[in-house]
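Single-structure report; data block below.
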Amino acid sequence: MEAKQQVGLCSVCFHLSADPVCEICRSPSRDPDTVCVVADSRDVIALEKTREYKGKYHVLGGLISPMDGIGPDQLHISPLVRRISQQKIQEVILAISPSVEGDTTTLYVGQLLKPFTKVTRIAFGLPMGGDLEYADEVTLARALEGRRELE
Amino acid sequence: MYLKTLHLRQFRNYREQQVDFLAPKTILVGDNAQGKSNLLEAVELLATLRSHRAMRDRELVLDGETAGQIVATLQRETGITDLGITLRNTGRRTVALNSETLRRQLDFLGVMNAVQFSSLDLELVRGGPGQRRNWIDTLLTQLEPIYAYILQQYNTVLRQRNALLRQQNASSSGAEPQIDLAELAVWDSQLAAIGARVIRRRARVLDRLAPLAQSWHQAISNHTELLDVKYAPNVPLEQDDSAVVQQAFLDKLGQRAIAEQHQGTTLVGPHRDEIEFIINQTPARQYGSQGQQRTLVLSIKLAELKLIELVIGEPPLLLLDDVLAELDLNRQNKLLETIQDRFQTLITTTHLGAFDTQWLKSSQILTVESGHIKF
């Protein structure tokens, strides 16, 4: 109960936070030029566990789903657009799962942000330790779609 | 492929029944409503995860029980596979291959293949376009399991887009703000992208099936009739190219935009496709005689059998539900000649009288009586 009362949302990125501005947004050691957009606070926690990402986040609070009455206005999309257009952000990474609703949200947000900065989306493909011959068709098709040039 | 054993547990009217298939042909004989078709339905579920008779899994579970099970052993050229489906009243299904539960049902499809032919199949000619779309989707799912995933995605986009159109429909009647055109545009492009995949796969399978069905129909009608199976997609398909189909899709969405807003539903897309059966340049649906329609359905079923064998590389199972009696001798013989011993065949009938004695001799005959099978 106490935790529930204390925890609110960060006013900048909308991640769960006890303070008005969350630890990640306040941290001086994090790259302020990169913003990773996710659907849910749980995704921030998952990405943080990797300790590979050093930029900042933006939590949308869900996915576009008209069946559930969720449109762009129900998500934290306009604060994101404001944030990106007003600050000098180098890159926005869209890290949203590849479901029908996720893809729609990615396309929608991507179009709004493209005029202001470089927009990328995370790749979907084979799991580590996964053998190509055992990968299913859906995953393989996605992996092919997201292929890139050998460096 | 050969289905060696089938075990039904609390499935339909079977409490616990083991069946060992000992001959390429099995005849299930019994009065009506004893469970003959239920057994074929179990095989159909193993092949397609669909039933053409049940709307909900609840109907598939024995009355008074919460869950039922179908377990089978299948011999293929590559080896033996155990298949299992658990059905629950709640509708949640579990599927397993070699006793390992699969995370996705998609991976279960394509292991076993079957063509079902029942007296209900005349509806394929006489019924509405939904019946024919359902038929081609079931066939595609067996040939290209990934199609099940594409179709499910398409249906999700369709439902979402319809919900959006309905909202806007409701709000435009009041003083509420109008449509978010940007959001609708994103749903449009999703619908067109996934819809184009559905359309192209349907077109491709019909291209391969049509000549097979045509030659069967010619043979059965003694070269008096010419059958054309034609795909009539709602979105015009001029070229089998993803970008072209998507553009045609978007163009048509643009043309129908006002009607869609007015009706609050999606009017463009493969969910409104039609498949036309034409005999001697006349639509079989309206003008075909009973006999022509029966020949047509038989030709299509034989074509399915052939196509699956071509694509999979092994003959599928054939399920004949109460149809032999409805076919005249000429058509019966054509069917039996084709089957011979190449296709494992499960046949249900109320009387053994209609069968050739040669046939009876080489078949395993099982008697079905109120949910029990006697050997």
Side-chain angles (χ1 to χ4, degrees), chain A residues 37 39 60-78 80-81 84-85 94 96-116 119 121 124 126-127 129-146, chain B residues 97 100 102-111 140-141 143-171 176-195 197-198 201 242 264-266:
Chain A
V37 177
L60 294 178
L63 298 171
I64 295 175
S65 174
M67 280 196 291
D68 303 305
I70 300 173
D73 294 344
Q74 277 71 47
L75 304 172
H76 305 128
I77 291 180
S78 20
L80 171 68
V81 178
I84 304 302
S85 61
L94 301 174
I96 297 171
S97 39
S99 62
V100 161
E101 292 77 15
D103 282 344
T104 302
T105 310
T106 298
L107 288 170
Y108 185 86
V109 172
Q111 274 171 13
L112 289 178
L113 297 181
K114 262 189 209 156
F116 306 109
V119 182
R121 68 180 297 182
F124 299 98
L126 305 177
D131 238 324
L132 205 62
E133 81 177 284
Y134 295 118
D136 61 274
E137 257 186 278
V138 182
T139 309
L140 269 177
R142 275 272 178 184
L144 267 173
E145 244 171 59
Chain B
L97 280 183
E100 197 179 322
L102 300 178
R103 209 165 46 82
R104 294 185 326 180
Q105 310 219 337
L106 181 64
D107 300 324
F108 189 82
L109 293 168
V111 176
L140 261 168
T141 300
L143 295 173
E144 309 169 5
I146 188 102
Y147 183 76
Y149 170 77
I150 296 172
L151 194 65
Q152 185 204 329
Q153 267 197 319
Y154 180 77
N155 286 327
T156 308
V157 175
L158 187 63
R159 278 202 303 275
Q160 291 282 21
R161 191 174 182 275
N162 282 342
L164 185 66
L165 287 171
R166 258 198 313 280
Q167 278 170 24
Q168 292 168 347
N169 202 23
S171 67
E176 291 286 306
Q178 267 284 345
I179 320 182
D180 182 348
L181 283 173
E183 187 189 346
L184 186 62
V186 173
W187 286 114
D188 286 359
S189 74
Q190 291 267 72
L191 191 76
I194 301 166
R197 302 177 75 185
V198 173
R201 280 175 195 256
S242 171
T265 190
T266 302

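Just so you know, these numbers use all the heavy atoms, side chains as well, and skip hydrogens, waters and symmetry mates. Order of the sequence lines fixes the chain letters, A, B, ..., with proteins taken first and strands second; residue numbering starts at 1 for each chain.
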Which residues, numbered in order, of residues 98-106 of chain A come under 4.5 angstrom of chain B by heavy-atom distance?
-> Val100(A), Glu101(A), Asp103(A), Thr104(A)
Decide if atom CZ of Arg201(B) counts as having more than 12 heavy atoms of other residues, nucleotides or ligands within a radius under 6.0 Å.
-> yes
Using non-hydrogen atoms only, which part of Gln160(B) is less than 4.5 Å away from chain A: side chain, backbone, both, or neither?
-> both
Interface residue of largest heavy-atom contact number with chain B, from Asp73(A), Leu107(A), Leu112(A), under 4.5 Å = Leu107(A)
Using non-hydrogen atoms and a 4.5 Å limit, figure out which bit of Asp107(B) sits close to chain A: side chain, backbone, both or neither.
-> side chain
Exercise: identify the closest heavy-atom pair between Pro72(A) and Glu183(B) | CD-OE1, 3.0 Å
In Å, rounded to the nearest 0.5 Å, how long is the span from CD1 of Ile64(A) to CG of Asp180(B)?
-> 8.0 Å
What residue, out of Leu164(B), Leu165(B), Ile194(B), has the most heavy-atom pairs lying under 4.5 Å from chain A?
-> Leu164(B)
Is there a side-chain contact between Arg161(B) and Pro66(A), using heavy atoms and a 4.5 Å cut-off?
-> no
